[in-house]
Amino acid sequence: MVALAGDFIAGLIDAAMQAGDPVEAVDAFFLLWRDRLVESGFRAGCSIVAVAVETNDEAPQFARSAAVFTRWQEALAALFVRHGLTEERSRRLGAFIIAAVEGAVITRRAGRSTTPIEAAAAEIHDLLVYALGDRPGA
């Protein structure tokens with residue numbers, strides 16, 4: 001289950017990353033989650049988060065969930081490196097974006113509101129515009 005869910009979201013990330021503009025790609029990723037939750041009546045969530053939170057630390061699924069989060073973060077980091085950010089900054093942004101979207105999905109699902117994910121998306125959009133505009137050669 002963890003591998004299938006991880007592959008599904010990784011595929012969505014990879015598809016979004018095909019955009020020529022990394023800001024548009026991340027915007028699309030947040031929009032995808034927003035739409036998924038709204039269409040499900042706020043029932044949809046991230047099964048990887050569920051495994052990470054509910055599974056015993058020694059269970060194999062727990063380690064697989066960590067690997068899935070890492071895979072998603074690395075996909076985003078690779079996108080930012082391709083667009084001129086340093087590897088260190090790209091890794092931090094990738095981790096931050098995954099943490100923000102997952103937190104927004106959880107709080108949005110619990111509160112049955114789109115506000116958390118829309119707020120996270122807007123702030124990350126502005127952060128990326130700044131970060132990508134501040135890179136050498138931009």
Side-chain angles (χ1 to χ4, degrees):
M1 178 176 108
V2 171
L4 288 176
D7 288 346
F8 175 73
I9 298 298
L12 296 175
I13 292 172
D14 290 343
M17 297 312 126
Q18 299 308 310
D21 181 350
V23 177
E24 286 179 19
V26 173
D27 287 348
F29 183 58
F30 273 92
L31 183 61
L32 177 138
W33 269 109
R34 180 191 177 283
D35 292 348
R36 187 168 183 223
L37 285 166
V38 169
E39 290 166 5
S40 73
F42 296 92
R43 289 184 305 278
C46 180
S47 58
I48 307 305
V49 169
V51 169
V53 171
E54 298 296 329
T55 304
N56 177 310
D57 291 2
E58 303 304 316
Q61 315 80 295
F62 185 77
R64 285 193 289 271
S65 68
V68 168
F69 286 130
T70 299
R71 179 178 171 196
W72 297 348
Q73 292 167 14
E74 288 174 351
L76 289 168
L79 174 69
F80 301 138
V81 166
R82 283 196 312 270
H83 287 275
L85 294 182
T86 66
E87 285 192 36
E88 180 182 343
R89 181 83 192 267
S90 296
R91 282 193 305 274
R92 288 193 320 253
L93 283 170
F96 180 66
I97 290 166
I98 295 302
V101 78
E102 293 296 347
V105 166
I106 292 166
T107 57
R108 182 180 135 177
R109 185 168 185 253
R112 302 186 64 79
S113 167
T114 59
T115 301
I117 203 159
E118 290 167 353
E123 287 301 319
I124 287 175
H125 175 95
D126 291 349
L127 172 66
L128 291 175
V129 167
Y130 174 80
L132 292 162
D134 194 36
R135 67 193 188 279

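The basis for the numbers below is simple: all heavy atoms, side chains too, and nothing from hydrogens, waters or symmetry mates.
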Item to complete: Under the side-chain contact (heavy atoms from CB on, under 4.5 Å) rule, what do Val101 and Ile124 come out as? Steps first, then yes or no, please.
Response: CA-CA 10 Å; Val101 78; Ile124 287 175; over 6 Å; no
Practice prompt. Kindly indicate, with the supporting measurements, whether the criterion side-chain contact (heavy atoms from CB on, under 4.5 Å) is fulfilled by Leu76 and Phe96.
Written response: CA-CA 10 Å; Leu76 289 168; Phe96 180 66; over 6 Å; no
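The structure places CD of Glu102 at 11.0 Å from OG1 of Thr107, a figure rounded to the nearest 0.5 Å. Here the CG-CG distance, from Asp21 to Asp27, works out to 8.0 Å after rounding to the nearest 0.5 Å. Taking CG from Leu32 and CG from Leu37, the interatomic distance works out to 9.5 Å, rounded to the nearest 0.5 Å. The CD atom of Glu24 sits 9.0 Å away from atom NE2 of His125, with the distance rounded to the nearest 0.5 Å. Distance check: Ile117 CD1 to Arg36 CZ gives 11.0 Å after rounding to the nearest 0.5 Å.
Scanning for side chain to side chain donor-acceptor pair (under 3.5 Å) contacts around Ser113 gives Thr115, with sequence neighbours left out.
Neither Leu31 nor Ile97 shares a network with the other; the hydrophobic side chains, linked directly or stepwise wherever heavy atoms of I, L, V, M, F, W or Y lie under 4.5 Å apart, form separate groups for each. Under the 4.5 Å side-chain heavy-atom criterion for Ile, Leu, Val, Met, Phe, Trp and Tyr, Leu85 and Val81 are members of distinct hydrophobic clusters.
Residue pairs meeting the salt bridge (Lys or Arg N to Asp or Glu O under 4.0 Å) criterion with at least one member in residues 117-130, sequence neighbours excluded, are Arg34-Glu118.
Taking both residues in full, the closest heavy atoms of Phe30 and Ala120 are given as CE2-CB, 3.9 Å, listed atom of the first, atom of the second, then distance. Closest non-hydrogen pair, Gly94 versus Gln73, comes out as O-CG, 3.7 Å.
A donor-acceptor pair under 3.5 Å links the side-chain atoms of Arg112 to the main chain of Gly41, judged by distance alone.
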